[in-house]
Amino acid sequence: MERYINRGYEFIDAIRLAYGDLEGDYAFVIGHADDDKLYAFKKGSGMVVGLGEGFTCVSSDLPSILPLTRNVVRPQDGEIVTLWADRVELRSVKDGRLIKREPELITESMDAVQKGGYPHFMLKEIHEQPQVGRELLHLLAGSSEAPSRGETRGIQTLIDNMQRARHLYFIACGTSYHAALAGSVYFAQLAGRPAIPVLAPQFIAQYAPAVGHEDVGIFVSQSGETKDVLNALEAAEARGMDCYGLANVVGSTLTKATSFCLPLCCGYEISVPATKTFTNQVITFLYLAYRMAGLDTRVLDAIPDLMEKTIEAVAPQVEQIAGEINEWNDMYCLGYGATYPIALEGALKLKEITYAHCEGTLSTEFKHGPLSAVSKGFPIVFVAGPQDTPLIISGINEVKVRGARAIAIGEEDARLRANADDLIVIPKSDPQVNSLLAVLPLQLLSYHMSVMRGYDPDFPRNLSKTLTVD
Ligand code: F6R
């Protein structure tokens, strides 16, 4: 642009010419120091423009704009938006012609973008989990009762195609990857169907050359805009793979780019650390595994009440433990089988908002190296699945003799109580449901530690809710 401006072009024409020079996907906001306007344009990435009273704004996703205004315009590829404080204008990159587009009014409830009496969005969203879980299960139930209706027919087709598929891939990043990993455990344990969980960029490097139209992929993303995931989708589609989505933000790129995208029904998730979207991703995978196995999915209806009970039961104890271990900047979170993805997710939440180093790993791997890090008081969380208690206890003893503080999360069990320093009790349930419940105390632990450290858990440093870059 600088080159074109130096040659005497107007700012907007310099953008149009630069647009033609650029390769790849991007979203830019650009302005001139002594100008009263900004310009925004994009290719391949998400972009939403907000029109408020006396201001305009631009962002990569809708939820970040909604606390400010409900009037939005969605620019398309090949368009340049000019933003003044009181209006915006769209022009075509191709010929500079003005494009007329009325702003959209987002009418969904305001609740999602207000804290509703909670000090942080994260705490509110943790407490919303039972309710959004209930709504999701209700929607999914429609698919087994009336499989001929639009959206629900899509689920039946997905299940039929997964039954027939050569290989199944669950593809995602970050927290959504942990849900995909949990899904692969449930598919194998319940339906005897192996599925390959893989981080999206690694899918491109490792599996994309090997997939074809006989394979099915589910692309999992809260935002539906994560560039790494969209890149993987593009690579899979180029190979003819049968691609499906699982996304929260309706209207996002992922929902539009897949033939069928399962909705997460969480409403907007404002807090950067994903909580309610994770549990609804896990519930969806659990539901799909039940359907693949021909099991009665009505059993899952108990989950929301169990989540409510868990949050209520663990909250005071978790807050107390948070205070006691808060001086540590090194922690581990261990799990096994269905609780392994949960341990990874707990560790991610802890490092994301406490800025401490917390590693999640398979409990049996701890003796293969990390054990050497243990010193007196070193906090190690064990997520104990009901069927794995003896194995977990042997792990607990291994670290306790070296002085660690072993914090177990599991069902009431005399052996766990006798061996761990702390037992955070979650209600009795099936092993897979148990793993889902175990994430709740970990979310609360990370929340309290973050607040106790004086950080804002909703907006951790260096991170953004939607990652539209490679
Ligand atoms: C962690 C977190 C991130 C996201 C990751 C993928 O709390 O939120 O790890 O899970 O950036 O984002 P989505 O799910 O939007 O594709």
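Remember, it's 1-based here, ligands and their atoms both numbered in the order they're listed.
- Interface atoms of ligand 1 facing Glu352, defined by a heavy-atom separation under 4.0 Å, are 1 (C), 2 (C), 7 (O).
- Atom 14 (O) of ligand 1 has as its closest protein heavy atom Ser176 OG, 2.5 Å.
- The closest side-chain donor-acceptor pair between Thr275 and Gln443, if any, does not fall under 3.5 angstrom.
- Protein heavy atom closest to atom 11 (O) of ligand 1, with residue, atom name and distance, is Leu467 CD1, 4.0 Å.
- For atom 12 (O) of ligand 1, the closest non-hydrogen atom of the protein is Thr226 OG1, 3.4 Å.
- Nearest residue to atom 15 (O) of ligand 1 from Ser223, Ala274, Ser252 is Ser223 (criterion: closest heavy atom).
- Looking from atom 3 (C) of ligand 1 to the surrounding protein, the closest heavy atom is Thr175 N, 4.0 Å.
- Considering backbone and side-chain N/O atoms, Gln281 never comes within less than 3.5 Å of an N/O atom of ligand 1.
- Here the side chain of Tyr268 pairs no donor or acceptor atom with the backbone of Ser64 at under 3.5 angstrom.
- Taking a cut-off of under 4.0 Å to the non-hydrogen atoms of Gly174, the atoms of ligand 1 that pass are 9 (O), 10 (O).
- Contact annotation for Glu225 and ligand 1: no heavy atom of the residue comes within less than 4.0 Å of the ligand.
- At a 4.0 Å heavy-atom cut-off, ligand 1 touches Val272 through the backbone alone.
- Cys173 O, 3.5 Å is the protein heavy atom nearest to atom 6 (C) of ligand 1.
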Quiz item: Given the rule in the side chain to side chain donor-acceptor pair (under 3.5 Å) test, do Lys227 and Asn231 qualify, once you have shown the distances and angles that lead to the verdict?
Solution: CA-CA 6 Å; Lys227 195 66 190 14; Asn231 289 346; 2.9 Å; yes

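- Distance alone, capped at 3.5 Å, places no donor-acceptor pair between the Thr277 side chain and the Ala274 backbone.
- Heavy-atom proximity to Lys349, at under 4.0 Å, picks out these atoms of ligand 1: 1 (C), 7 (O).
- Shortest non-hydrogen contact noted between Pro273 and Met122 is CG-SD, 3.7 Å.
- If you check the side chains of Glu308 and Gln131, you find no donor sitting under 3.5 Å from an acceptor.
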Got a list of side-chain donor-acceptor pairs under 3.5 Å for residues 202-211, not counting sequence neighbours?
residue	atom	partner	partner atom	Å
Gln202	NE2	Gln206	OE1	3.1

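- Taking a 6.0 Å sphere around NE2 of His357, one finds it holds more than 12 heavy atoms contributed by other residues, nucleotides or ligands.
- By the criterion of a heavy-atom distance under 4.0 Å, neither the backbone nor the side chain of Lys465 is placed next to ligand 1.
- Closest of all the heavy-atom pairs between Leu140 and Thr284 is CD1-CA, 4.4 Å.
- Of all atoms in ligand 1, listed by their number and element, those nearer than 4.0 Å to a heavy atom of Pro273 are 7 (O).
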